[in-house]
Amino acid sequence: MRIAVTKGAGFIGSHLTTRLLELGPRVVVIDNLSNGKRKNLNPQSSLSVSVEDPLKDAAVYGVPVTLPISQEHALEPLSPYGLSKRTYRPNIRLTCAHHNLSHSILRYSNVYDPRQDRNSD
């Protein structure tokens, strides 16, 4: 099995990559290293450097109707950036269905770990 982890050099992605490698699959990390660090990479993973800007998940919601924002909140992005965050999930689902691939999409918020860069958001 082969697994791609986007933002895999970041503090969350690097932990996910480490755990996946412990379970046995081949892991490819896709990261532009704008916030991720090469030192966070497991030597058993391979790195593909992406040139895209890092994305923030809250941008898909637009102006919050309630706080905290729940997963059920309407997706009403106010910018092209937010729209790109909204559309990648259906694109992944469609591409995987078309090519008979399985996928998982994980989205974390408000997570801390010692690997986190204190200067990043």
Side-chain angles (χ1 to χ4, degrees):
M1 178 184 340
R2 291 180 290 176
I3 296 177
V5 177
T6 57
K7 299 176 77 173
F11 75 102
I12 295 173
S14 63
H15 281 289
L16 176 61
T17 298
T18 297
R19 181 64 180 132
L20 289 169
L21 287 166
E22 289 171 358
L23 296 173
R26 186 173 146 216
V27 178
V28 175
V29 170
I30 302 168
D31 201 304
N32 67 1
L33 300 176
S34 62
N35 288 315
K37 307 288 184 221
R38 285 186 188 271
K39 69 180 182 180
N40 290 346
L41 291 173
N42 187 301
Q44 296 174 331
S45 63
S46 60
L47 172 66
S48 173
V49 178
S50 167
V51 297
E52 295 181 27
D53 290 332
L55 303 176
K56 300 186 188 330
D57 287 317
V60 301
Y61 296 113
V63 177
V65 176
T66 60
L67 291 174
I69 299 171
S70 73
Q71 291 287 326
E72 291 76 32
H73 193 286
L75 302 178
E76 298 177 11
L78 300 175
S79 67
Y81 169 79
L83 181 61
S84 72
K85 290 297 292 180
R86 179 181 177 182
T87 58
Y88 83 86
R89 290 177 188 88
N91 284 336
I92 289 172
R93 289 184 185 105
L94 180 64
T95 300
C96 288
H98 183 73
H99 295 285
N100 196 30
L101 300 170
S102 60
H103 71 282
S104 295
I105 298 171
L106 307 176
R107 190 171 60 184
Y108 298 100
S109 179
N110 299 326
V111 179
Y112 173 76
D113 182 88
R115 289 186 192 172
Q116 182 177 14
D117 182 347
R118 293 179 186 192
N119 297 319
S120 69
D121 292 335

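Quick caveat, the model's predicted, so the values are computed rather than measured.
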Item to check | side-chain contact (heavy atoms from CB on, under 4.5 Å) involving His99 - partner list, sequence neighbours excluded | outcome: Thr95, Leu101
Item to check | Connected hydrophobic set around Val63, excluding itself, where side chains approach under 4.5 Å | outcome: Leu78
Next on the checklist: Starting from Leu83 and following side-chain heavy-atom contacts under 4.5 Å between hydrophobic residues (I, L, V, M, F, W, Y), which residues can be reached?
Outcome noted: none
Grab the two heavy atoms, one from [X] and one from [Y], that are nearest each other, plus how far apart they are.
X	Y	result
Pro77	Gly82	CB-C, 3.4 Å
Cys96	Ser102	SG-O, 4.3 Å
Phe11	Asn40	N-ND2, 4.2 Å
Ala9	Leu33	CB-CD2, 3.7 Å

Checklist outcome for this item: Checking Leu16, Leu20, Thr18 against Val27 for side chain to side chain contact (heavy atoms under 4.5 Å, CB included), the one that qualifies is Leu20
Next on the checklist: Could you check whether any side-chain N or O of Arg89 sits under 3.5 Å from a backbone N or O of Ile105, counting only pairs where one atom can act as donor and the other as acceptor?
Outcome noted: no
Checklist outcome for this item: Separation between NZ (Lys7) and CG (Asn32), nearest 0.5 Å, reads 8.0 Å
Next on the checklist: Working to the nearest 0.5 angstrom, can you tell me the gap between Ile92 CD1 and Thr6 OG1?
Outcome noted: 7.0 Å
Checklist outcome for this item: Hits for ring pair (Phe, Tyr, Trp, His ring centres under 6.0 Å) against His103, two or more places apart or cross-chain, chain-then-number order -> none
Checklist entry - Taking only residues two or more places apart in sequence, or in another chain, which ones meet Arg19 in a salt bridge (charged side-chain N to carboxylate O under 4.0 Å, His left out)? => result Glu22
